[in-house]
Amino acid sequence: MSGTFTKSMARNIFYGGTVFFVLLFLALSFDTMKELPKRDNRANLTESVINGKKLWEVNNCIGCHSLLGEGAYFAPELGNVYPRRGPEFIKAWIQAMPTGAPGRRQMPNFGFTDQELDDLVAFLKYSSEINTANWPPNIEG
Amino acid sequence: MQYKSQAVAKPYFIAAIALFTGQILFGLIMGLQYVVGDFLFPEIPFNVARMVHTNLLIVWLLFGFMGAAYFMIPEETETELYSPKLAIAMFWIFLVAGALTIVGYLTVPYATLAKMTGNDILATMGREFLEQPLVTKIGIVVVALAFLFNLSMTMLKGRKTSIGLVLLLGLWGLAIFFLFSFYNPHNLVLDKFFWWWVVHLWVEGVWELILGALLAFVLIKVTGVDREVIEKWLYVIITLALVSGIIGTGHHYFWIGTPEYWQWWGSIFSALEPIPFFAMTVFAFNMVNRRRRDHPNKAATLWALGTGVMAFLGAGVWGFLHTLAPVNYYTHGTQITAAHGHMAFYGAYAMVVLCIISYAMPILRGRAANSAKAQVMEMWSFWLMTVSMVFITLFLTAAGIVQVWLQRFSDTPIAFMAAQDQISLFYWMREVAGVFFLIGLLVYIASFFVKGETKAAA
């Protein structure tokens with residue numbers, strides 16, 4: 001860098017550029033907030049779904065699974081598990097854990113009540129109905 | 001040591017290295033669970049090991065950043081720290097809170113921990129990287145505010161350099177964006193949208209200011225190049241980082257229910273994100289080539305150069321690899337992401353903290369640099385850890401490519417677990433590379449105990 005480009009010029013570009021892009025980011029975020037009601041399936045945020053989300057969180061499901069592709073990559077994607085497996089399979093599967101099969105990855109048994117299982121399924125159904133721009137590429141997640 | 005109060009950095013650095021060791025041990029546990037699924041089950045299920053692994057990473061890097069700031073700011077401001085006592089008090093609070101949190105993860109089921117710690121009052125737990133109980137989160141905020149108060153007061157009474165300002169700006173940003181971890185709406189899309197305001201705006205935003213400041217500080221010290229030149233570079237690098245990184249947040253908004261224009265914004269701007277890291281590499285090599293003195297601490301110089309290169313590879317190249325929306329459509333949430341995450345965190349943040357520790361620790365121990373013998377050992381650990389991380393990343397990338405092929409790209413996609421079985425060979429190789437990483441870390445720790453002739457600090 002030559003002598004004509006000084007530190008104070010670099011500093012001014014830094015502050016100016018940062019402010020500009022922060023404002024642009026805020027504008028895009030603001031627009032996103034306006035667009036989201038069309039895409040995020042908020043109409044179906046029932047009590048059961050809300051409780052299901054809480055169960056999802058307090059049992060740290062994201063520590064093994066991914067949800068809409070975010071989380072851990074140790075266990076299957078669950079954003080589309082509802083259409084992939086259906087409600088009854090999901091509930092039976094959760095209850096059957098752990099399999100205890102030697103050498104296989106194990107999921108703990110969380111001792112959910114029937115109501116809690118229904119809430120979790122409701123949350124997974126709600127998640128699967130979010131408009132994710134056609135992701136994942138296929139039903140296997 | 002030029003200023004007595006810099007000494008408070010020492011316990012921070014020691015804690016950082018200790019927690020780093022814990023992180024690696026849990027990483028090895030998880031790596032093994034990938035192939036021997038029932039290893040340590042039910043004592044340490046995978047999700048618990050992962051939470052410990054990632055949370056220890058965050059906490060040891062924070063210890064490293066704080067130690068770095070306490071070491072750097074007195075020298076930059078040319079004045080003693082506002083309150084060394086406050087710094088030491090915060091050290092113990094942070095360490096005890098961190099340790100209790102980890103003990104909580106390991107001894108109590110997570111749902112019970114949530115109940116015990118007031119998650120019903122304000123539900124913030126159970127989201128990736130933000131798993132900490134509410135009390136811990138509040139503790140982090142308190143410690144961060146006390147820390148920032150201490151540093152800001154120091155800066156107010158002393159010299160205000162660009163490095164000092166950029167460092168403080170980065171640290172204030174870190175604290176401010178962490179506040180979004182308290183916002184957890186029921187709406188999953190909103191939850192995810194603002195979750196990234198912590199995670200992305202940390203690691204691809206304000207943390208890069210901290211990274212730049214630490215690197216610039218060490219480069220001034222070890223090369224003796226004029227401060228004006230180095231600080232100009234620093235401003236250029238962080239401008240590039242924020243210009244690309246802020247809108248680059250959009251690369252997380254492709255498939256989570258957000259509008260599809262983010263595919264354009266996110267792809268284009270995050271494709272620019274390698275540029276600041278490339279600039280950082282050029283910067284580091286350039287400054288070392290133009291050095292005006294031969295600093296006796298060769299190891300610190302090696303870490304500084306290594307940070308540039310590995311941050312560029314891990315954050316820049318491996319980030320770019322899967323950041324374009326049409327590619328990310330297939331790679332999102334696969335081992336490709338894991339590969340990138342490992343090398344980016346190691347290359348950018350772990351290495352820069354090890355770099356400042358390498359520079360500062362000998363001085364804190366009363367010498368300009370460690371003995372030649374100790375430095376050779378430290379450099380061995382540099383190569384062992386760095387090469388191991390390259391291999392961890394390559395094996396995970398291979399695993400990711402095969403996973404994407406089998407599960408996503410093929411005409412006859414197979415189920416997740418069936419695909420995992422197919423790639424277990426790569427997981428085994430990753431685990432072996434992980435063992436070498438641990439060996440490197442043990443060599444690193446051992447290098448602190450190697451004696452030999454040293455010169456007293458200037």
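Chain letters run A, B, ... following the sequence lines, proteins first and then strands; every chain starts at 1. If you're wondering where the values come from, they're calculated on a predicted model, not measured in any experiment.
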Verdict with supporting geometry, A/R84 and A/E77, salt bridge (charged side-chain N to carboxylate O under 4.0 Å, His left out): CA-CA 10 Å; A/R84 181 164 71 238; A/E77 160 69 26; over 6 Å; no
Contact class of B/T334 relative to chain A, heavy atoms under 4.5 angstrom: backbone
Looking at B/L190, B/L234, B/N184, B/V35, which makes the most heavy-atom pairs under 4.5 Å with chain A? B/N184
Centroid-centroid distance, B/F46 to B/Y34, less than 6.0 Å: yes
Which atoms of A/F110 approach chain B - backbone, side chain, both or neither, heavy atom under 4.5 Å: neither
B/F194 versus chain A, heavy atoms under 4.5 Å apart: side chain, backbone, both or neither? side chain
In terms of heavy-atom proximity below 4.5 Å to chain A, should B/R127 be classed as side chain, backbone, both, or neither? both
Counting only non-hydrogen atoms closer than 4.5 Å, does A/S29 touch chain B with its backbone (N, CA, C, O), its side chain (CB onward), both, or neither? both
Can you label the angle between the B/H200 ring and the B/W196 ring as parallel, tilted or perpendicular, going by 30° and 60°? perpendicular
Proximal component of B/Q403, with respect to chain A [non-hydrogen, under 4.5 Å]: neither
Would you call the rings of B/F129 and B/W195 parallel, tilted or perpendicular, where under 30° means parallel and over 60° means perpendicular? parallel
Under 4.5 Å from any heavy atom of chain A, what part of B/L201 do you find: side chain, backbone, both or neither? side chain
Sidechain-backbone polar pair: A/W135 side chain, B/Y329 backbone, donor-acceptor under 3.5 Å: yes
A/L45 portion near chain B, given a 4.5 angstrom heavy-atom threshold: side chain
Salt bridge (charged side-chain N to carboxylate O under 4.0 Å, His left out) assessment of A/E57 paired with A/K53: CA-CA 6 Å; A/E57 287 166 0; A/K53 181 169 185 277; 2.7 Å; yes
What part of A/F20 lies closer than 4.5 angstrom to a heavy atom of chain B: side chain, backbone, both or neither? neither
Measure B/P133 against the heavy atoms of chain A and call it side chain, backbone, both or neither at under 4.5 Å. neither
Measuring heavy-atom distances to chain A, does B/P42 have an atom under 4.5 Å in its side chain, in its backbone, in both, or in neither? neither
Turns out that what part of B/V166 lies under 4.5 Å from chain A's heavy atoms comes down to neither
Among the options B/V36, B/L242, B/N286, B/T258, pick out the one with the most heavy-atom pairs lying under 4.5 Å from chain A. B/T258
So which part of B/Y261 gets closer than 4.5 Å to some heavy atom of chain A, the side chain, the backbone, both or neither? side chain
Counting heavy-atom pairs under 4.5 Å to chain A, which of B/V48, B/D191, B/L165, B/T54 comes out on top? B/D191
Could you look at A/V49 and say if it's the side chain, the backbone, both or neither that has a heavy atom under 4.5 Å from chain B? neither
Region of A/N59 in contact with chain B, defined by heavy-atom distances below 4.5 Å: both
Sort A/L36 into side chain, backbone, both or neither according to what part of it lies under 4.5 angstrom from a heavy atom of chain B. side chain
What part of B/Q407 gets within 4.5 angstrom of chain A, counting heavy atoms only: side chain, backbone, both, or neither? both
Heavy-atom distance under 4.5 Å to chain A: side chain of B/I414, backbone, both or neither? backbone
With chain A, the option among B/M125, B/E260, B/M51 that has the most non-hydrogen atom pairs under 4.5 Å is B/E260
Testing B/W197, B/F193, B/F269 for ring-ring contact (aromatic ring centres under 6.0 Å, His included) with A/F25, which one passes? B/W197
Answer with yes or no whether the side chains of A/E129 and A/Y82 bring together a donor and an acceptor at under 3.5 Å. no
Does any backbone or side-chain atom of A/I139 lie under 4.5 Å from a heavy atom of chain B? Answer side chain, backbone, both or neither. neither
For A/N51 and A/E47, which I'm curious about, is there any donor-acceptor pair between the side chains at under 3.5 Å? no
Report which part of B/F41 has an atom under 4.5 Å of a heavy atom belonging to chain A: side chain, backbone, both, or neither. side chain
A/K125 and A/N41: side chain donor to acceptor below 3.5 Å: no
What part of B/L209 lies closer than 4.5 angstrom to a heavy atom of chain A: side chain, backbone, both or neither? side chain
Can you check whether A/L67's main-chain N or O pairs, donor with acceptor, with B/K192's side chain at less than 3.5 Å? yes
When only pairs under 4.5 Å are counted, which of B/R408, B/H252, B/Q420 shares the most heavy-atom pairs with chain A? B/R408
Checking an interface table here. Which of residues 108-117 of chain B come within a heavy-atom distance under 4.5 Å of chain A? B/Y110, B/A111, B/A114
So, the part of A/L55 with a heavy atom under 4.5 Å from chain B: the answer is neither
Proximity of residues 101-109 of chain A to chain B, residues having a non-hydrogen atom under 4.5 angstrom: A/A101, A/P102, A/G103, A/R104, A/R105, A/Q106, A/M107, A/P108
Trace of the side chain to side chain contact (heavy atoms under 4.5 Å, CB included) decision for B/N47 with A/F74: CA-CA 9 Å; B/N47 72 307; A/F74 187 71; over 6 Å; no
Assess, by modelled atom type and distance only, whether the side chains of A/N80 and A/S128 contain a donor and an acceptor separated by less than 3.5 Å. no
Max heavy-atom pairs within cutoff under 4.5 Å with chain A, candidates B/M30, B/Q33, B/E128, B/Q263, goes to B/E128
For A/K91 and A/E88: C-alpha separation, side-chain torsions, deciding distance, then whether salt bridge (charged side-chain N to carboxylate O under 4.0 Å, His left out) applies. CA-CA 5 Å; A/K91 288 192 268 187; A/E88 294 315 312; 3.8 Å; yes
